[in-house]
Amino acid sequence: MLRSVPLELAGDWGNMVPAAALHVLERMREACFDAVRLVSDDQPARLRVDEHPSGGPPAIWLHSNEADLAWIIVDIGERDWSRLAYQFGHELGHVTANSWRANAKPGGPCQWLEEAMVEAFSLRGLSLLADSWSRDPPFQDDSGFGAAVAVYRQNIVESYGKLAAEQGNTKDFSAWFRQHRAMLEARRGLSSFAQVASLSILTEYERAPSAMEALGALNRWPGRSTIPLEKYLYAWQASCRELRVATDLPLRLRTLLGLG
């Protein structure tokens, strides 16, 4: 199960101590899955975290080399543990949402929604990591790292809040969605619009963490994110029912987006 499969490091970690990096990754995984039941019927048997200090964005390597391995690429500074936890949390969200195999190539028009959901997944995880690290640091005299994580997370949330104000998403999420839908569906990756959407989804996660188990029912249908949003949400509900998962999250998102 993804909650407990072995974690391994690859790539160029420079002078960083591997044991310290693994500590951060393990604690972030624990935080991300707090109060979340893992329901996917296609979870990897191993997780590899590959440091690529090249300036490129973090990603899932959709490889075909080892069928049971989910391969996460990060790009962090020397011992930048907050950034490592954040990037890992986002990509772990993609793995949770069944986007780790070679055939999981992302595409429109619904890629933005998965990006927003896994970004919220990481932001929630960072909050819980900050709390747990302050209370129970894994390293001696290191409780201060919890505060550093909290500040790192708050800076992200505040930057997204500023984007939301610029885009007109302060009170009516469905009106914002109607205004920006074309750009949301046209852009790839974690666009500025997906970043703003992640704040509304984060509120839903914090309100009902158990609803997050529906992430494990994502992308289990032909076409994955390339089908229209209305059909995507219906396919997600059907996938939830197949896995005997509550449909609260897709239904709530349908309401928030003004799709009935």
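FYI, the numbering just counts along the sequence from 1.
A donor-acceptor contact shorter than 3.5 Å links the side chain of N219 to the backbone of A97. The backbone N or O of L69 lies less than 3.5 Å from no partner atom in the side chain of R46, so there is not a single donor-acceptor pair. In this structure a side-chain-to-backbone donor-acceptor pair under 3.5 Å is missing from H180 to G168. In this structure a side-chain-to-backbone donor-acceptor pair under 3.5 Å is present from Y205 to M117. No donor-acceptor pair under 3.5 Å is formed between the side chain of S239 and the backbone N or O of A235. At least one donor-acceptor pair under 3.5 Å links the side chain of R29 to the backbone N or O of L2.
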So Y232 and L113, side-chain contact (heavy atoms from CB on, under 4.5 Å) or not? Walk me through it.
CA-CA 10 Å; Y232 182 89; L113 183 55; 4.0 Å; yes

Verdict with supporting geometry, H94 and E115, side-chain contact (heavy atoms from CB on, under 4.5 Å)
CA-CA 8 Å; H94 282 301; E115 289 292 342; 3.4 Å; yes

Check against side-chain contact (heavy atoms from CB on, under 4.5 Å), W81 and M16
CA-CA 10 Å; W81 302 135; M16 291 178 274; 4.0 Å; yes

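Residues I73 and I60 form no side-chain contact, since every pair of their non-hydrogen atoms from C-beta on lies 4.5 Å or further apart. Residues L92 and L47 form a side-chain contact, since some pair of their non-hydrogen atoms from C-beta on lies under 4.5 Å apart. With a 4.5 Å cut-off on side-chain heavy atoms, I201 and E119 do not count as touching. Counting heavy atoms from C-beta on, the side chains of Q167 and S192 come closer than 4.5 Å. Side-chain contact between L25 and L9 is present, with heavy atoms from C-beta onward closer than 4.5 Å. Between P106 and R188, the closest side-chain pair of non-hydrogen atoms is not below 4.5 Å. Counting heavy atoms from C-beta outward, W13 and V49 have side chains that approach closer than 4.5 Å.
Hydrophobic clustering, with ILVMFWY side chains joined whenever heavy atoms are under 4.5 angstrom apart, groups L22 together with V24. L123 and Y152 fall within a single hydrophobic cluster, where Ile, Leu, Val, Met, Phe, Trp and Tyr are joined by side-chain heavy atoms under 4.5 Å apart, directly or via other members.
Ring geometry, W71 versus W61: the interplanar angle falls from 30° to 60°, so the pair is classed tilted. Note: F173 and W176 have parallel aromatic rings, judged against thresholds of 30 and 60 degrees for the angle between ring planes.
The two atoms that bring W236 and L215 nearest to each other are CZ2-N, 4.4 Å, heavy atoms only. R27 and S132 make their closest contact through NH2-O, 3.2 Å (heavy atoms, listed as atom of the first residue, atom of the second, distance). Residue C32 comes nearest to G89 through the heavy atom pair SG-CA, 4.1 Å, listed as atom of the first residue, atom of the second, then distance.
With hydrogens and angles left out, the side-chain atoms of S99 and R224 include a donor and acceptor closer than 3.5 Å. Side-chain polar atoms of E91 and Q87 form no donor-acceptor pair below 3.5 angstrom.
R207 CZ: more than 12 foreign heavy atoms inside a 6.0 Å radius. Under a cut-off of 6.0 angstrom, the local environment of OH in Y234 is sparse, with at most 12 non-hydrogen atoms contributed by other residues, nucleotides or ligands.
Checked against a 6.0 Å centroid threshold, the rings of F177 and W112 count as neighbours.
Using a cutoff of 4.0 Å between basic side-chain nitrogens and carboxylate oxygens, E230 and R181 are scored as salt-bridged.
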